Amino acid sequence: MSMAQVTPILAMIAGIVLSLSLGLPIAWGIVFAILVTLVSVRKLGFSIRQQFGFGWEGVKKTKPVLMILFLVGVLIPLLMMGGTIPAIIYYGLSIVNVDYLFVLSFLLTGAVSYLLGTSVGTLSTIGLSLMGIAHAAGISPAITGGALISGAMVGERFSPISSSRLLVLSSVGMTEAQDGKTRRPAMLATGICAVLFLALDLFRSQAGSGEMIQMYQELLTSHFSINWLLMLPLLVLIGSFALRIKAVTALLLGIVVSAVMVLVHGQLDVSTFFSAMLNGYELHSGTRLDQLVHGGGMVAILNVLLLIVLAGFLNGILNQAQILAPIVDKWMGETKNPTLLVAKATALSLLVIIISCNQTIPILVLGTTLLDRFSQWSKGRELLGKTMLDSTVVMPVLIPWNGLSMMMALTLGVPTVQTLPFVFFSILLPIVTILSTRWFLPEGGMIAIKNKAS
């Protein structure tokens with residue numbers, strides 16, 4: 001493995017670390033990595049023009065994520081201007097027991113994500129609502145965000161209609177029945193997470209109950225005409241995701257219904273409306289409600305969109321120039337211990353996630369790259385599928401510049417670096433699946449290297 005192959009990876013890591021250390025946008029770190037990569041990969045025989053072609057192909061693969069982010073930026077201010085989010089917060093404060101908001105957020109989003117099969121769809125509906133309740137009740141948005149994201153990733157791991165889960169099964173050639181026999185580590189991690197969030201609920205101060213909740217409800221009714229009809233956009237979104245309508249179409253339907261709510265219930269002039277769509281909605285009530293009902297807008301997501309474009313460009317070059325293949329071979333080596341094999345595959349998953357900046361590419365790359373190595377073992381295909389489901393699928397939300405984590409941060413209004421320590425499911429599940437390799441083997445029994453005919 002030549003220095004020209006290693007340099008782009010080192011530049012990527014150095015650029016991101018420097019950006020975070022200096023308080024600069026991560027996009028600057030990606031730009032630095034791109035410039036270094038263009039020079040390094042040219043030494044491997046690829047012209048600058050070829051590399052730009054590779055980069056453009058990478059950008060095109062990010063189009064679905066860019067479209068979803070754009071539509072989320074449009075949807076959120078409409079939901080606020082039309083009164084939907086204020087209504088959800090009002091009724092939620094009456095129904096949800098905020099003394100146990102962390103564990104309820106985890107369990108509710110887990111259940112909804114399992115039914116819908118989409119973490120983004122879950123967070124843009126019930127997740128957004130529960131976050132609003134947390135703000136109103138004076139409860140930590142960072143911990144609440146961690147609970148919501150953890151619950152959403154439970155659905156990604158278990159849901160029979162989760163696209164990321166189905167992609168893993170397809171890439172490794174694993175059946176639904178085989179997956180069903182490898183779920184014990186994930187179920188154990190889910191139970192541990194529920195206990196941890198319950199403990200956080202029990203040991204935090206209960207400042208969110210009583211007078212503060214009543215104050216927010218009174219403020220909401222004084223500035224919005226709260227009624228159940230305002231919940232219609234939320235129902236349309238949930239129904240669309242439940243019916244497996246594509247995310248872009250579902251969000252467009254939600255935008256149309258929300259726009260109707262704004263026309264019917266909103267009391268905004270044209271300039272205020274366009275200002276809210278561009279810069280995000282601001283209530284300007286002069287009360288604490290201003291901190292609760294605000295956000296969205298196109299300006300807020302421009303940096304996110306730019307970062308995804310740059311990350312996609314860089315990933316396109318790294319992928320087409322075969323920069324990752326030698327790293328995989330070097331890292332995996334010849335491993336004869338199943339626990340070490342799973343640990344190496346998990347670490348490699350994290351590395352590819354960091355580099356690729358999305359969730360789909362690591363699944364495709366690792367599914368094809370590692371299958372031969374795992375196939376040397378009895379039940380190796382199932383072991384690889386379990387490892388990827390318990391690591392590759394859930395870890396993208398831990399990386400601040402990953403497309404999935406950026407969508408979640410934008411939706412919830414809380415930066416990834418703040419929620420990161422509390423995304424227990426995505427932190428614990430890879431650890432649990434590594435430690436439990438010998439106890440949670442597919443269909444039980446010990447893994448043994450297949451005997452090769454001489």
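Since we're looking at a predicted model, the values are computed, not measured.
The shortest side-chain heavy-atom distance between Leu310 and Val59 does not fall under the 4.5 Å cut-off. Contact of the Thr392 side chain with the Val168 side chain is not registered, since no non-hydrogen atoms from C-beta on lie closer than 4.5 Å. At a threshold of 4.5 Å between non-hydrogen side-chain atoms, the residues Val260 and Leu232 do not count as touching. By the 4.5 Å heavy-atom criterion applied to side chains, Leu398 and Thr416 are not counted as neighbours. Residues Val154 and Thr109 fail the side-chain proximity criterion, which asks for heavy atoms closer than 4.5 Å.
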* Before giving the answer on side chain to side chain contact (heavy atoms under 4.5 Å, CB included), spell out for Leu188 and Leu429 the whole-Å C-alpha distance, their side-chain angles and the decisive distance to 0.1 Å. => CA-CA 8 Å; Leu188 176 62; Leu429 180 53; over 6 Å; no
* Taking it one step at a time, do Phe102 and Leu198 satisfy side chain to side chain contact (heavy atoms under 4.5 Å, CB included)? -> CA-CA 7 Å; Phe102 297 152; Leu198 178 60; over 6 Å; no
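Judged purely by atom type and a 3.5 angstrom limit, Thr144 has no side-chain atom pairing as donor or acceptor with the backbone of Ala134. The backbone N or O of Val172 sits less than 3.5 Å from a side-chain atom of Arg381, completing a donor-acceptor pair. At distances below 3.5 Å, at least one donor-acceptor pair connects side-chain atoms of Ser150 with backbone N or O atoms of Phe424.
Ser119 and Met408 make their closest contact through OG-CE, 3.4 Å (heavy atoms, listed as atom of the first residue, atom of the second, distance). Heavy atoms only, all atoms of each residue included: Leu253 and Ser240 are closest at CD1-OG, 3.6 Å. For the pair Val103 and Ala194, the tightest heavy-atom approach, listed with the atom from each and the gap, is CG2-O, 3.6 Å. The heavy-atom pair separating Leu123 from Thr411 by the smallest distance is O-CG2, 3.5 Å. Across Ile353 and Ser391, no two heavy atoms sit closer than the pair CD1-O, 4.5 Å. Residues Gln418 and Ala142 approach most closely at O-CB, 3.5 Å, considering heavy atoms.
The structure places CE of Met231 at 10.0 Å from CD1 of Ile226, a figure rounded to the nearest 0.5 Å. Rounding to the nearest 0.5 Å gives a distance of 11.5 Å between NE2 of His135 and CG of Leu130. Distance check: Thr433 OG1 to Arg184 CZ gives 11.0 Å after rounding to the nearest 0.5 Å. Rounding to the nearest 0.5 Å gives a distance of 9.0 Å between CD1 of Ile133 and CD1 of Ile139. Taken from OG in Ser405 to CG in Leu410, the straight-line distance is 11.0 Å, to the nearest 0.5 Å.
Salt bridge Arg204/Asp99: absent, no basic N to carboxylate O contact under 4.0 Å. Salt-bridge formation is not detected for the pair Lys386/Asp179: no Lys NZ or Arg NE/NH1/NH2 atom is positioned less than 4.0 Å from an Asp or Glu carboxylate oxygen.
Shown are Tyr100, Phe422, Phe106, Phe425; of these, the ring pair (Phe, Tyr, Trp, His ring centres under 6.0 Å) with Phe197 is made only by Phe106.
Not counting sequence neighbours, the partners of Leu350 by the side-chain contact (heavy atoms from CB on, under 4.5 Å) test are Ile354, Met395, Ile399. By the ring-ring contact (aromatic ring centres under 6.0 Å, His included) test, Phe224 is found to be paired with no residue, residues two or more places apart in sequence or in another chain being considered.
Ring orientation note: the planes of Tyr91 and Trp228 are close to parallel, at an angle under 30° on the 30°/60° scale.
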